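All values derive from a computational prediction rather than experimental measurement.
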There are 2 protein chains.
Amino acid sequence: MVDDLPEPGGLDPLELRAWRGLIEVTPLLQRHLDRLLMADSGLSGSDYPVLVALHERGEPALRSTQLADLIGWEQSRLSHHLARMESRGLVVRSRHRSDNRVAEVRLTEHGRATFRRAAKQHSQAVRTHFAEVLSSAELEALATVMETIKNHLDTA
Amino acid sequence: MVDDLPEPGGLDPLELRAWRGLIEVTPLLQRHLDRLLMADSGLSGSDYPVLVALHERGEPALRSTQLADLIGWEQSRLSHHLARMESRGLVVRSRHRSDNRVAEVRLTEHGRATFRRAAKQHSQAVRTHFAEVLSSAELEALATVMETIKNHLDTA
DNA sequence: AGACGATATATGACACGTCATGCAATTGGC
DNA sequence: GCCAATTGCATGACGTGTCATATATCGTCT
């Protein structure tokens, strides 16, 4: 009865299991890791990818657009978030020498230090709650599935 | 060089591919489907699971706590969201006869009708952008992976 | 030089989710 | 029957994401 039309309009049971699993569990996992990150570094889940990208880059500084592309965010979201991160002293924005429109984004020393501390803990958490509970075959399958979906989304 | 420490602290390349795929692509897929849903039903991605649960149930009405459990939300989130949905005329809340603390939640006729229209489109979109691009083996692997992760989260 | 379209980013309004807290109704021990 | 603890839900404050729009700068064509 409950299994009859769990989501009316008809995905078959396997499709439904996979779909619901994906959209229900992924946020749970995210939330769990975000809380750990916040608890032991004071960083939000959104801060993290920004810091990763900036940390990998070093010099020359990243412009806002490049940063957005790297982490797959919309410009507007990044602008808002950089404003918040700037007010917390994690990053700084400065104007580009020759093109006054572009904003160059850099880590502050505090940002760099905070990220370094966070990265160890966070990577460990990803291992503990994600990587280590799956086999190589499962990781491979998952990676492939995500790439397939992304390609299809980009194409469509 | 870029591949050296893509996320410092050390996930191996396969782990990283799977992890980044999961947390980057899932939100993209969500966002895409949410926009479709909003465009052709005026429903947000958050409205949908609430409506699914209420629609499947019929009578007797669901109490807020049961509803939250069914869709895996925290009470507070549900309370906020029901307030918004109520103001849009999709659901109604009423007090339980014998226990005056509990809120019984029901679909309005408008909610029911809106959901029915939305469900067809949305299921089709899930098929198009998710189920149909994957093989049965991939769906099975994905479902299993998500269940494994969830079990581990619940245990830990 | 001036006008025009394109480019790079910022901003305001609003929906959403979380956390901490509030409060009323109920239950369990005495 | 009374009081403390618990339960069920609501609320306010705040950080976040999206959409539509604004603003400033740049390149180019004339």
Base, sugar-phosphate or nothing for [X]? Non-hydrogen atoms, less than 4.0 Å.
X	answer
B:Ser64	sugar-phosphate
A:Arg63	sugar-phosphate
B:Ser98	sugar-phosphate
B:Ser46	sugar-phosphate
A:His80	base
B:Arg88	nothing

- With a 4.5 Å limit on heavy-atom distance, are the side chains of B:Val92 and B:Val105 in contact?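 B:Val92 does not reach B:Val105 side chain to side chain.
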Side-chain N or O of [X] closer than 4.0 Å to phosphate OP1/OP2 of [N]:
X	N	value
A:Ser76	D:dA20	no
A:Arg93	C:dA10	yes
B:Arg31	D:dT18	yes
B:Arg95	C:dA24	no

- Looking only at side-chain atoms of A:Arg84, point me to the closest of D:dG15, C:dT18, C:dC16.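 Out of D:dG15, C:dT18, C:dC16, the nucleotide with an atom closest to A:Arg84's side chain is D:dG15.
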- Among C:dT18, D:dC9, D:dT18, find the nucleotide with the atom closest to the side chain of A:Arg35.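 The answer is C:dT18.
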Gap between atoms [atom1] and [atom2], on [X] and [N] respectively (whole Å):
X	N	atom1	atom2	answer
A:Asn100	D:dT23	CG	C1'	13 Å
B:Leu62	D:dC9	CG	P	11 Å
A:Gln66	C:dT7	CD	C1'	14 Å
B:Met38	C:dC14	CE	C1'	12 Å
A:Leu78	D:dT16	CG	C1'	13 Å
B:Asp69	D:dG8	CG	P	10 Å
B:His96	C:dA24	NE2	C1'	17 Å
A:Arg101	D:dT23	CZ	P	17 Å

- Item | Between A:Asn151 and A:Thr148, a side-chain donor and acceptor under 3.5 Å |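 Their side chains do not contain a donor-acceptor pair, so the 3.5 Å distance test is not met.
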- Side-chain donor or acceptor of B:Glu15 paired with backbone N/O of B:Asp12 under 3.5 Å: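 Flag set: sc B:Glu15 to bb B:Asp12 pair under 3.5 Å.
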- Query: Quick check: does any side chain N or O of B:Arg112 sit under 3.5 Å from a backbone N or O of B:Phe115, one acting as donor and the other as acceptor?
  - Reply: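 Side chain of B:Arg112 to backbone of B:Phe115, a donor-acceptor pair under 3.5 Å: no, none is there.
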- From CD (B:Glu140) to CG (B:Leu134), nearest 0.5 Å: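 CG of B:Leu134 is found 12.5 Å from CD of B:Glu140.
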- Message: Reading DNA chain C from 5' onward, which residue's closest nucleotide shows up sooner: A:Arg77 or A:Asp99?
- Response: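 Closest to the 5' end, via its nearest nucleotide, is A:Asp99.
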- Which atom pair, heavy atoms only, marks the closest approach of B:Leu33 to B:Ala125?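 Minimum heavy-atom separation between B:Leu33 and B:Ala125: CD2-CB, 3.7 Å.
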